[in-house]
2 protein chains.
Amino acid sequence: MVSPSLPERPPSPPPAPITRRASPKRDALLGAARELFSRQGYRAVGIDTVLARAGVAKMTLYKHFGSKEELIAAVLTQVGEEISAALTARVAATSADGGPPLLAMFDWLEAAVRAPDFHGCLFIKAASEYPDPGDLPRQAAVAFKQNCRALLEQLCRGAGAANPEQLAGALHLLLEGALVLAFLQRDPQAAVDARRAAALLLEDEGIRAGLLCRASAATLH
Amino acid sequence: MVSPSLPERPPSPPPAPITRRASPKRDALLGAARELFSRQGYRAVGIDTVLARAGVAKMTLYKHFGSKEELIAAVLTQVGEEISAALTARVAATSADGGPPLLAMFDWLEAAVRAPDFHGCLFIKAASEYPDPGDLPRQAAVAFKQNCRALLEQLCRGAGAANPEQLAGALHLLLEGALVLAFLQRDPQAAVDARRAAALLLEDEGIRAGLLCRASAATLH
DNA sequence: TCTGGGATAGACAGATTGGTCTATCTCCAA
DNA sequence: TTGGAGATAGACCAATCTGTCTATCCCAGA
């Protein structure tokens with residue numbers, strides 16, 4: 001069987017409001033903010049805490065980011081780019097090995113929820129805490145999720161699904177559900193469950209490449 | 001075919017920290033808090049705003065609830081009880097009509113996300129904003145989700161699933177995923193997708209009672 | 001009418017918040 | 001060495017936050 005086509009790079013994220021250049025201070029801010037926001041939430045962490053953690057002065061923060069919301073949006077954009085790159089690489093590597101690219105998404109998911117710094121989905125949290133459509137964090141979160149959906153649809157088309165949008169919709173549900181339940185239950189089992197359910201749905205679509213050997217292995221556990 | 005057994009009432013929610021008695025002021029607080037927290041988030045809404053909306057004095061709030069967190073937890077407990085009751089009733093009504101109880105959960109979900117006051121899942125938001133395991137809002141959210149899981153497992157057993165825990169896990173993923181995507185996308189299509197995917201998974205389990213006629217209707221849309 | 005329980009308006013307290021700004025320092029390249 | 005860019009500590013600002021409390025009012029039942 002011919003391997004499904006490799007995915008192209010997802011669409012670019014929205015442009016950052018303030019010009020971005022390589023800057024150790026900016027990177028320190030993004031890193032500290034990411035860590036703190038991820039653990040404790042966005043509104044629960046004041047900028048003074050971010051500053052102390054990053055070792056950066058307040059004016060420097062406001063030089064790089066116009067507001068706290070822009071800092072948050074910048075964190076989300078950066079994280080989103082990293083995840084997109086990681087997913088794309090993972091899918092490409094899986095394809096090169098003759099495995100199922102769509103299930104590569106779920107392999108990435110499982111690794112992500114097992115990571116020690118997993119504290120739930122930064123994007124879901126951003127949209128929850130900044131729910132107004134005009135809020136930058138919500139916009140950045142929605143943009144990223146749309147990118148993920150586009151990647152899923154692309155992979156479904158590449159896999160020859162009869163209705164790629166519909167299948168992508170179902171798989172996306174499983175991904176999001178797993179992120180939420182892994183966070184709530186503090187247990188990566190949700191990601192394992194998601195992969196299994198995804199495999200079943202793919203099988204229903206008659207997408208069998210490389211599935212059976214992995215599904216059999218799961219059964220043996 | 002014999003209808004699956006009806007579900008018993010889910011386990012009781014955790015006890016409220018302060019004695020609850022019928023009280024118009026208390027109800028006003030819970031109602032106002034629910035509305036405001038649902039729309040804007042928990043930390044984004046100060047208690048003064050809740051008070052103004054409820055038409056209640058601050059001392060009265062602190063008489064009924066020891067802290068803002070307890071107010072939040074009480075809202076979640078109340079909402080959780082309402083949802084559990086609604087789900088149980090929905091499942092019972094569906095069973096009485098000879099329909100598939102498991103899919104009744106998804107019918108409820110679709111109605112919920114279509115409601116004008118749907119602003120995302122209050123429980124996911126609570127756990128996101130109060131992520132520490134000792135935080136009352138997180139505890140209340142996790143308790144509710146565990147109840148939902150237990151109900152799902154019970155229905156799966158009643159439906160004769162070969163592995164009810166596993167099937168319940170998959171269905172739970174779809175439910176949570178739909179809540180998140182309906183919120184992010186501001187589109188109830190996620191709930192429709194979830195129901196369809198659930199129907200497929202049930203079919204895979206050989207649980208067919210009443211499925212085909214509904215699935216065919218969905219196909220015609 | 002009187003009393004007790006429930007409720008009120010809002011002052012108070014200390015802390016925190018996001019953002020603005022001054023004066024000064026550091027570093028690097030020309 | 002000098003100048004410019006980048007960065008600093010931290011004061012300042014107005015607003016907001018959660019929770020505590022006083023003095024007072026209202027209502028229902030005895």
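All values below were derived from every heavy atom in this structure, side-chain atoms included, with hydrogens, water molecules and symmetry-related copies excluded. To find a chain, count down the sequence lines: A is the first, B the second, and so on, and within it residues start at 1.
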Please give, in whole Å, the distance from [N] [atom2] to [X] [atom1]?
| X | N | atom1 | atom2 | result |
| --- | --- | --- | --- | --- |
| B:K63 | D:dC21 | NZ | C1' | 16 Å |
| B:L61 | D:dC21 | CG | C1' | 15 Å |
| B:D27 | C:dA7 | CG | C1' | 16 Å |
| A:L29 | C:dG19 | CG | C1' | 15 Å |

### Message
Less than 6.0 angstrom from the centroid, inside 45 degrees of the normal: does B:R43 satisfy that with respect to the ring of B:Y130?
### Response
yes
### Task
Test the B:R26-B:Y62 pair against the cation-pi criterion, namely NZ or CZ under 6.0 angstrom from the six-membered ring centroid and within 45° of the ring axis.
no
### Message
Once salt bridge (Lys or Arg N to Asp or Glu O under 4.0 Å) is applied, do any residues pair with B:K68, and if so which ones, sequence neighbours excluded?
### Response
none
If you compare every side-chain N and O of [X] against the phosphate oxygens of [N] (OP1, OP2), does one of them come in below 4.0 Å?
| X | N | answer |
| --- | --- | --- |
| B:K25 | C:dG6 | no |
| B:H64 | C:dG6 | no |
| B:S23 | C:dG6 | no |

### Query
Quick one: do B:E176 and B:R149 make a salt bridge, cutoff under 4.0 Å?
no
### Carboxylate-amine/guanidinium contact A:R39 A:D117, below 4.0 Å
no
### Query
For nucleotides 9-19 of chain D, read 5' to 3', which letter fits each nucleotide if B means a protein heavy atom sits under 4.0 Å from the base, S means only the sugar-phosphate is that close, and - means neither?
-B------SBB
#### Entry: A:Y42: which of A:L36, A:L122, A:V75 passes side-chain contact (heavy atoms from CB on, under 4.5 Å)
A:L122
